[in-house]
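One-based numbering along the sequence shown.
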Amino acid sequence: MTGGTFTMRIQAPPPTVWGLVADLGTHASWSPKPYTVEWLSGEPNQVGSRFRSVGWIPGDKHHTNEGEITERVEPTRFVLKSDDGGWFINEFDLIPVGDGATEVRFTLTFPKLKGFAAIAAPVVFPLLGKPDIRKRLDLLKEKAERGSAVHGDYYVEE
């Protein structure tokens with residue numbers, strides 16, 4: 001299956017996790033591979049703002065695409081879409097689970113794929129994409145659990 005929902009329990013409160021998830025500028029710090037974001041229009045990290053990102057996908061270490069922030073409900077939900085021959089939807093839902101912990105549910109929805117991508121993605125995504133997402137969530141957990149405070153949208157480490 002291409003896409004899916006991935007869950008991680010993080011021993012940090014939602015505002016701390018939010019500071020990392022809802023600021024695309026922090027995503028490189030919890031990416032296992034190089035990743036950059038450049039804002040194209042709008043207020044960064046706000047609904048309607050557009051960005052260009054460069055990151056890794058199988059077969060392309062410097063893959064570029066453009067996207068938009070489509071939903072922001074602080075501190076529980078952050079959604080963006082990226083255009084890569086169709087809209088890929090990235091949803092982050094943060095759920096307080098007690099003891100100061102947060103459950104992060106990351107859902108990736110693929111567009112309807114065509115041609116070779118429709119054949120290759122169901123094979124390649126489980127082998128390379130899913131492990132990469134799990135590693136990203138592990139790094140997010142590590143980073144959030146080390147954190148001390150959040151000021152506005154910016155994550156601050158001790």
Evaluate the criterion side-chain contact (heavy atoms from CB on, under 4.5 Å) for residue pair Phe6 and Lys130; output intermediate values, then yes/no. CA-CA 9 Å; Phe6 304 81; Lys130 285 183 177 183; 3.8 Å; yes
What verdict does the side-chain contact (heavy atoms from CB on, under 4.5 Å) test give for Lys143 and Leu20, after you've listed the backbone C-alpha separation in whole Å, the side-chain angles of each residue and the deciding distance to 0.1 Å? CA-CA 8 Å; Lys143 189 112 177 139; Leu20 291 163; 3.9 Å; yes
Apply side-chain contact (heavy atoms from CB on, under 4.5 Å) to residues Glu66 and Asp83 and explain how you reach the verdict. CA-CA 6 Å; Glu66 292 188 5; Asp83 186 13; 5.5 Å; no
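Using a distance-only test at 3.5 Å, with no hydrogens or angles considered, a donor-acceptor pair links the side chain of Thr102 to the main chain of Ala12.
Minimum interatomic distance between Val104 and Phe92 (heavy atoms only, all atoms of both residues): CG1-CD2, 4.5 Å. Taking all atoms of both residues into account, the shortest heavy-atom contact from Val47 to Arg72 is CG2-N, 3.6 Å. Leu24 approaches Trp39 most closely through the heavy-atom pair CD1-CH2, 3.7 Å. The two residues Ala144 and Thr16 make their nearest non-hydrogen contact at O-CG2, 3.7 Å. Closest of all the heavy-atom pairs between Ser82 and Phe51 is OG-CZ, 4.0 Å. Closest heavy-atom contact between Asp60 and His63: OD2-ND1, 3.0 Å.
In this structure, Glu38 CD and Arg52 CZ are separated by 5.0 Å, a value rounded to the nearest 0.5 Å. Interatomic distance, Glu68 CD to Ser41 OG, rounded to the nearest 0.5 Å: 7.5 Å. Separation of atoms CD (Gln11) and NZ (Lys141) is listed at 7.0 Å; rounding is to 0.5 Å. For the atom pair CG (Asp23) and CZ (Phe78), the distance works out to 8.0 Å, reported to the nearest 0.5 Å. Going from atom CG of Asn90 over to atom NE2 of His27 covers 9.0 Å, rounded to the nearest 0.5 Å. With rounding to the nearest 0.5 angstrom, the OG atom of Ser31 is 11.5 Å from the CG atom of Leu140.
Applying the 6.0 Å contact sphere to NZ of Lys135 captures no more than 12 heavy atoms from other residues, nucleotides or ligands.
Residues Trp30 and Tyr35 share a hydrophobic cluster, clusters being chains of Ile/Leu/Val/Met/Phe/Trp/Tyr side chains in contact below 4.5 Å.
The shortest side-chain heavy-atom distance between Met8 and Asp138 falls under the 4.5 Å cut-off.
For the side chain to side chain contact (heavy atoms under 4.5 Å, CB included) test, residues two or more places apart in sequence or in another chain that qualify with Val73 are Glu71, Thr76, Arg77.
Judged by the 6.0 Å distance and 45° axis criteria, Arg136 is positioned over the aromatic ring of Phe106.
In the hydrophobic clustering (ILVMFWY side chains linked at under 4.5 Å, chained through shared members), Val79 is joined by Trp87, Ile89.
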